[in-house]
Amino acid sequence: MSHFDESDAFEEAAGLSLSARAMAARPAPYLDGLNAPQREAVEALNGPVLMLAGAGTGKTKALTTRIAHLLNTGTARPNEILAVTFTNKAAREMKNRVWKLLGQTVEGMPWLGTFHAIGVKLLRRHAELVGLKSNFTILDTDDTVRLLKQLILAANIDEKRWPPRMLSSIIDSWKNRAWTPDKVPAEEANAFNQRGIELYHLYQRRLLELNAVDFGDLLLHVLTIFQKHEDVLAQYQRWFRYILVDEYQDTNVAQYMWLRLLAQGHKNICCVGDDDQSIYGWRGAEVGNILRFEKDFPGATVIRLEQNYRSTPHILGAASGVIEGNKGRLGKTLFTELDEGEKVRLIGHWDGEEEARWIGEEIEAMQGGTRGLDPVDLDGMAILVRASHQMRAFEDRFLTIGLPYRVIGGPRFYERMEIRDAMAYFRVACSPDDDLAFERIVNTPKRGAGDKAQQTMQRIARGNGVSLLEGARIAVAQGELSGKAKGEIGKLVDFFDRWHVHALDKSYNHVELAEIMLDESGYTEMWQLDKTPEAAGRLENLKELVKALDQFENLQGFLEHVALIMDNETEGEGSKVSIMTLHAAKGLEFPSVFLPGWEDGLFPSQRSMDESGVKGLEEERRLAYVGITRAEALCTISFAANRRTYGQWQSAMPSRFIDELPEDHVDVLTPPGLYGGGYGAAAPTVEARAAEANVYNSPGWKRLQQRQSRRPMSQPQESGNTVIDLDAISAFTQGDRVFHQKFGYGYVMGIEGDKLDIEFEKAGAKKVISKFIVSAERADDVPF
DNA sequence: CGCTGCATGCTTTTT
DNA sequence: GCATGCAGCG
């Protein structure tokens, strides 16, 4: 039974060591292309090393060259190096680059991968130590949420008060901090969370029953094993003689503890990170891990990579100006030898649609070369947004004008409904006791098994201590199911019996078997009969899924892959503009970058600031830094005065980060005369246009901005208690005549918390945050 | 049991 | 504005 085709990575070593030794003492031409600190980082092989590598300073180069050097000098064999990354993409790239540096000599680096992928490998070997079987299933977020929902309902808890999603993220955050259910500290166990901890216990117990783990468990279980079984830990401490960690600033507590345990003996650990690019705090990442490094590994060599090879001085200057607003940085001074280049361009727009239209036009112009710049290929351009819903405006616009684009990190292939359904069939065929998978498809396509029938099966399964599939079998045999369900479920059970046998005996190859399953189950037919517009695409996706299976040995191997590798590299042919979130853009670079949506509330995100106060704001600022530093030659920042959110028009102020851009590096573009008409009846007023065009330069705006920054809006707030801005509340009542900087005069029609519904005389009805409003009499105090 | 129509709440970011 | 979830009906 090969649930994972890793053979034995350690035994493999024997063969590989030959090639490693053969390479020993070879010349090292790869060292030539390095600058001094990079070279130092590569050559300091022994002992703890902390590499602080700013954006674009050749961090991956240093890291991969270091691996190459370890191998080339015969210091370590491929299997003795543990190299962890956060994304599969980074792992892949690292592998490729090591290969390139050394030629094709090195066959495998079995322990180069993401924390999660390595966690799976380790956990499969020692599953029994935490009460699992080594063929455990890996649940994704969707499975997790469904499971929690069942537990919540079973515990008679109000689903509204404890939404499964929320519980899922709380449990995940506990796991990130390496808290098993009994280790959740008392201060978390307030009245509200007491139930949460109970549910966490129940959840973990249920996972063991299901022989399943979630993402967090992949790390946490391994950590538990290391902590409780000294012999196992000692074994790995010996095996992993050299440890390398990429994107160290993104490690969470559990990962940190994991690394520290493994490195304890020899202390040959090299961590690479940039505190200014720490953008995963919300996922439990602890920038503090960087700061702790020197404490935990005294005498560590600290190397700073500060020469930037990517961006022009203007771009770098703008990015530095913004990030300087953060306190407590380790501090790096990036420099570059590149030519000055273009300033960062800044432009404001009336609304989000216009922003998309303008960017579309700019992109088309840049393709042909504009303002004396060389033409830029579409592949060299990217639009980086704060939140994925912003992507829509661009997709709409680009579809209209026929501009090819690619969305990176959008709704992923493996998260699509039809793919998950199909995989649920595969899962049950491979592991008949995968209840979650069975439950997912028991009535898809419709088999007449609704709530009642499903409850019956559940009850029987629980009563007999068997899987749901067995429960279904018994229910059929005992005639406990009604008319249609009885026959259909009976058939389904028979099918699964057959498929399971085939999955084991390989009388069909797994691709054929997958097709048979989808056909016999009626799943394909279900979509063929579906006349909705999506149906065709879904069938297409199913075909693609079957095609993807071909690259794997068997179904298990495929399922394993999918569980961990949720990314879909749609290597579409042809040149395309990329649209993605700022988070997804980390590590990438483009000649020309657009950063739209720089409005307070959107970016920095209001939610982030409300939930995490100054810490949240600083993380947002790092996101801004990451965004700007993605650009090589040209960076264009924009904001819109109005944007549709939840179907309602909302106005917003330009982002505070815009004011933090050093003026020397910024070129404020005046919007071209785009307002000539075509906006329908609600054409912007003269005032609105004027305000909009000058919004960045106007003294009034500056003053308003300053006044705001003195307000306690970015103070950390007690979670759960919204601090009410008394100023704002008491300032207005219904019917007041008021003035807004952009919309002019109007009357207050309604009040909702700190938001006012205002009927503006010229700009129409708007919902506006009260701090942007003054009473009409005081309008003179706020000059344009 | 399953469908339709209405109400609700939601948008950060992801291995 | 959209997707999801629920109540009520056939």
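The figures that follow rest on heavy atoms only: side chains count, while hydrogens, waters and symmetry mates do not. Every chain is numbered from 1 and lettered A, B, ... according to where its sequence line falls, protein lines coming before strand lines.
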Taking atom P in both C/dT4 and B/dT13, compute the distance separating them and give it to the nearest angstrom.
->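 Between the two P atoms, the distance is 15 Å.
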Tell me: [atom1] of [X] to [atom2] of [N], nearest whole Å?
| X | N | atom1 | atom2 | answer |
| --- | --- | --- | --- | --- |
| A/H583 | B/dT15 | NE2 | P | 11 Å |
| A/Y646 | B/dT11 | OH | P | 7 Å |
| A/Q249 | B/dT15 | CD | P | 15 Å |
| A/M526 | B/dG2 | CE | C1' | 14 Å |
| A/I171 | B/dT14 | CD1 | C1' | 18 Å |
| A/R621 | B/dT13 | CZ | C1' | 18 Å |
| A/N176 | B/dT13 | CG | C1' | 14 Å |
| A/K446 | B/dC3 | NZ | P | 6 Å |

Considering only B/dT14, B/dC1, B/dT11, which nucleotide approaches the side chain of A/K452 most closely?
-> B/dC1
If you check the A/W282 side chain, which of B/dT15, B/dT13, B/dC1 turns out closest?
->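 Of all the options, the side chain of A/W282 is nearest to B/dT13.
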Can you spot which of A/H349, A/E599, A/Q648, A/E353 makes a side-chain hydrogen bond (donor to acceptor under 3.5 Å, both in side chains) with A/R643?
-> A/E599
Any side-chain N or O of [X] under 4.0 Å from OP1/OP2 of [N]?
| X | N | value |
| --- | --- | --- |
| A/R283 | B/dT15 | no |
| A/T581 | B/dT14 | yes |
| A/R392 | C/dC2 | yes |
| A/N443 | B/dG2 | yes |
| A/S388 | B/dT13 | yes |

For A/F86 and B/dT15, are the ring centres under 5.5 Å apart with planes inclined under 30°?
->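 Per 5.5 Å and 30° rule: no stacking.
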Centroid under 5.5 Å and tilt under 30°, A/Y280 to B/dT13 =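 The ring of A/Y280 is not stacked on B/dT13.
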A/D142: side-chain contact (heavy atoms from CB on, under 4.5 Å) partners, not counting sequence neighbours =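 If we apply the side-chain contact (heavy atoms from CB on, under 4.5 Å) test to A/D142, skipping adjacent residues, the hits are A/D140, A/R146, A/R420, A/R440.
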Relative to the 5' end of DNA chain B, which residue comes earlier, A/K484 or A/E619, by the nucleotide with the nearest heavy atom?
->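 Checking each residue's closest nucleotide, the 5'-ward one belongs to A/K484.
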Would you call A/K586 and A/D250 a salt bridge, using N to O less than 4.0 angstrom?
->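 Answer for the salt bridge query: yes.
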Does the distance from a Lys or Arg side-chain N to an Asp or Glu carboxylate O, for A/D172 and A/R283, drop under 4.0 Å?
-> no
When we call it a touch if two heavy atoms are under 4.0 Å apart, what does A/A117 touch: a base, just sugar-phosphate, or nothing?
->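 It contacts nothing in the nucleic acid.
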With ring centroids as reference points, do A/F115 and A/W258 lie under 6.0 angstrom apart?
-> yes
Is it true that a side-chain atom of A/Q255 and a backbone atom of A/N252 form a donor plus acceptor pair closer than 3.5 Å?
->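 Confirmed, A/Q255 side chain pairs with A/N252 backbone.
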Can you give one letter per nucleotide of nucleotides 4-10 of chain C, 5' to 3': B if a protein heavy atom sits under 4.0 Å from the base, S if only from the sugar-phosphate, - if neither?
-> -------
Can you find a pair of side-chain heavy atoms, one from A/R124 and one from A/F136, that are under 4.5 Å apart?
->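 The answer is yes; the side chains approach within 4.5 Å.
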Take atom CZ of A/R165 as the centre, draw a 6.0 Å sphere, and report whether it contains more than 12 heavy atoms from other residues, nucleotides or ligands.
->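 Check fails, neighbour count at 12 or below.
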